[in-house]
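For reference, the structure is listed below as structure tokens.
Chain identifiers are assigned alphabetically (A, B, ...) following the order of the sequence lines, protein sequences preceding nucleic acid strands; residue numbering begins at 1 within each chain. All values below were derived from every heavy atom in this structure, side-chain atoms included, with hydrogens, water molecules and symmetry-related copies excluded.
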2 protein chains.
Amino acid sequence: MNHSMTLEEIAKLSGVSRSTVSRVINDDPKVRQETRQRVLQIIQQVNYQPNALARSLAGGRTRVLSLVIPEGVTRLFSDPYFPILIQGVSMACNAHDYSVMLWLADPDYERRTISRIVQDKLSDGTIIASMLNDDPLVEALLEDGSPFILIGRNPTHENISYVDVDNQGSTRLAIAHLLRLGYRRIATITGPQNMIAGLDRLEGYKQAFRQWDLPIDPDLIVEGDFSEDSGYTTMQRLIPRRPDAVFAASDYMAIGALRAMRENGLRVPHDIAIIGFDDVPMAARIDPPLTTVRQPIQKTGAIAAEVLIDLIEFPKTGPRRVILPTELVIRGSCGTAIRTPNELDRTDQPDLRTTNFVTDS
Amino acid sequence: MNHSMTLEEIAKLSGVSRSTVSRVINDDPKVRQETRQRVLQIIQQVNYQPNALARSLAGGRTRVLSLVIPEGVTRLFSDPYFPILIQGVSMACNAHDYSVMLWLADPDYERRTISRIVQDKLSDGTIIASMLNDDPLVEALLEDGSPFILIGRNPTHENISYVDVDNQGSTRLAIAHLLRLGYRRIATITGPQNMIAGLDRLEGYKQAFRQWDLPIDPDLIVEGDFSEDSGYTTMQRLIPRRPDAVFAASDYMAIGALRAMRENGLRVPHDIAIIGFDDVPMAARIDPPLTTVRQPIQKTGAIAAEVLIDLIEFPKTGPRRVILPTELVIRGSCGTAIRTPNELDRTDQPDLRTTNFVTDS
DNA sequence: CTGAAAGCGCTTACAG
DNA sequence: CTGAAAGCGCTTACAG
């Protein structure tokens, strides 16, 4: 167990006061070059690293961000969504010399957990990736007044900072794509309806039908939880209802649905088409390659961290809302042929600046 | 921005000294019941939460663990290994009132990153899940003298604490299973050869052949990096060499290999058998279901955290080494029929207490 | 059982 | 440009 150096010792070694050493460490310009050099050399020499705890306590800032992710959510394992998100957060934090504290918390937190996250004062701010509506943590953070940001907008508090994608618009576009190809019995496997992403994607699905003056068949709407497993299970229920296409609110649900289709002898896209959401790496690799709405997951995490850091360093600036662009990636899983070309060729231009089409190379 | 309560204020409100409040908070037995109650009530009433920073600085312990995972490793995204591991760590930490600081660090750390992890003093100990041999972080931690534990043994420092599975033994058993079924041209897609798990699984593969007095064909050994993609790519190279079975050192490499097999018109297990490693959820779901070596990933993370916490709280106790049991899970991907029953039925009993056979329900 | 005091290792006005 | 001093919010011997 090495004895850790302190400011005091560096001061002694370099023949200055500890105030001066502190100033050198903090790049305070009003230190004589000569002095600075001497101190820096000593620091280098003994490989001194200031104690982050003491620094934070005295300075009032920890340079730590809390990242809260719902524990137990199957998506954590079935799907690289959260890993990629975490990496985005981590990279942005590294770039700004922040560290990240990870909380995999049960969504119905015990009161104690919330207190720990909120009042610990171990982090300067919080990123909530749980996206649950009416998350009690949000209320607690609001009350505490410490900076935080959500991944995914919060419908009950529109004045909270968040970063999100246009889930409604992107989904509308995906459904429109299927409609344009002639599909009519388009089912959807939704995300959890207690998460805004799940709600918004379902809403986008409905909007597309309304835009086209087509009826919505409630029998073709089933609720999943973003996991591969739920995609499989819900697809099994959907098959007897004979959809000709499916929009799954996540790629892994689409992968699960494909598994169910295969087991039931359905050929994709010949017998049934499918579109996913996310564009995780696996989407391009399955058979057939999955048409999907690509969202910038890593960037979402990075932007969340950056906006939060900004919020911490400039507290006056009001809540920030960031909407990141998505794009529809066309691959093999929804076919390309127009099935019933009659009267379908309406040029509905979606009002969606953030969404683009791309064709996968 | 709420004003945060301090010990001092609680003391004033409850008419005692701040020493007493501190004792109440820390469950010091030598406080009169009556006093304790009064203080606790005030604490409850104003929802006071002690400042963790100050507590740590004064107490010398932060109750924070650092978890270091190699960034950029494709496995982080292609595979739930790290997410499940993280969850294990997180759950154990929650249970012991520890928090976890996550470091997704480039494996060839900048010197600065190492310093931050090691000397920050923001955490009481470190879990290294990078498993890279000759990790500079290990040297730094060793020098610093602060407690840490590895996921995966370290061949150069056998006296470091770690938790691992018997990779050699498990693999030997998996290969023996294939040999017993009559396969002879058994290829392997190894893990990265700069990680001990990759090395040990390859070593187990070789050991099995030696045990059976069979030659090892270097053409049937290709190196992957645990990712689905590398499984696909290396399998493409392997196919012309006509293996009749493949042992992939991770399930996702097996999944990638299956993709290559399918594209080349090979039927599994009719034309070629395959065994994976990990038993991630997807293993049971692909077509055909994957025979694999199940390792307790979440438990590995949990045990690592628990042993580390123990090491922190009882520093004298020497290095701990934990080997967790694995089991061979037999599913459809390697077939069941003995192909060439002649002379194969040797009853080699592997010397492996930690490995069991199970058949998936 | 309780309090006054020193101390954890820093930062940051305040003087000079 | 530099130092002495107060302070961040706790813990923990030391007295009593």
Could you tell me from which nucleotide to which nucleotide of DNA chain D, 5' to 3', there is an atom under 4.0 Å from chain A heavy atoms?
dC1(D) to dG9(D)
Would you confirm whether Glu139(A), through its side chain, and Pro136(A), through its main-chain N or O, come within 3.5 Å as a donor-acceptor pair?
no
Regarding Asp310(A) and Arg320(A), does a basic nitrogen lie under 4.0 Å from an acidic carboxylate oxygen?
yes
When you compare the side chain of Ser161(A) with that of Leu311(A), does any pair of heavy atoms fall below 4.5 Å?
yes
Starting from the 5' end of DNA chain C, give me the residue, Arg38(B) or Gly59(B), whose nearest nucleotide shows up first.
Arg38(B)
Both Leu53(B) and Ser19(B) contact DNA chain D. Taking the nearest nucleotide for each, which residue is further toward the 5' end?
Leu53(B)
Could you check whether Ser22(A) gets within reach of a base, just the sugar-phosphate, or nothing at all, counting any heavy atom under 4.0 Å?
base
Would Thr126(A) and Ser66(A) count as a side-chain hydrogen bond (donor to acceptor under 3.5 Å, both in side chains) here? Give the steps.
CA-CA 5 Å; Thr126(A) 309; Ser66(A) 285; 4.6 Å; no
So what does the secondary structure string of DNA chain C come out as, 5' to 3', with Watson-Crick or wobble pairs under 3.5 angstrom, [ ] for crossing and | for pairs with another strand?
|||.||||||||.|||
Quick one: does Ile10(A)'s side chain get under 4.5 Å of Met5(A)'s, heavy atoms only?
yes
Determine whether Ile312(A) and Arg61(A) make a side-chain contact, defined as any pair of heavy atoms from C-beta on separated by less than 4.5 Å.
yes
May I ask you to decide whether Asp28(B) forms a salt bridge with Arg36(B), counting only side-chain N to carboxylate O separations under 4.0 Å?
no
Taking any heavy-atom pair under 4.0 Å as a contact, classify Ser56(A): base, sugar-phosphate, or nothing.
nothing
Please confirm whether the backbone N or O of Ser14(B) pairs with a side-chain atom of Arg38(B), one donor and one acceptor, at under 3.5 Å?
yes
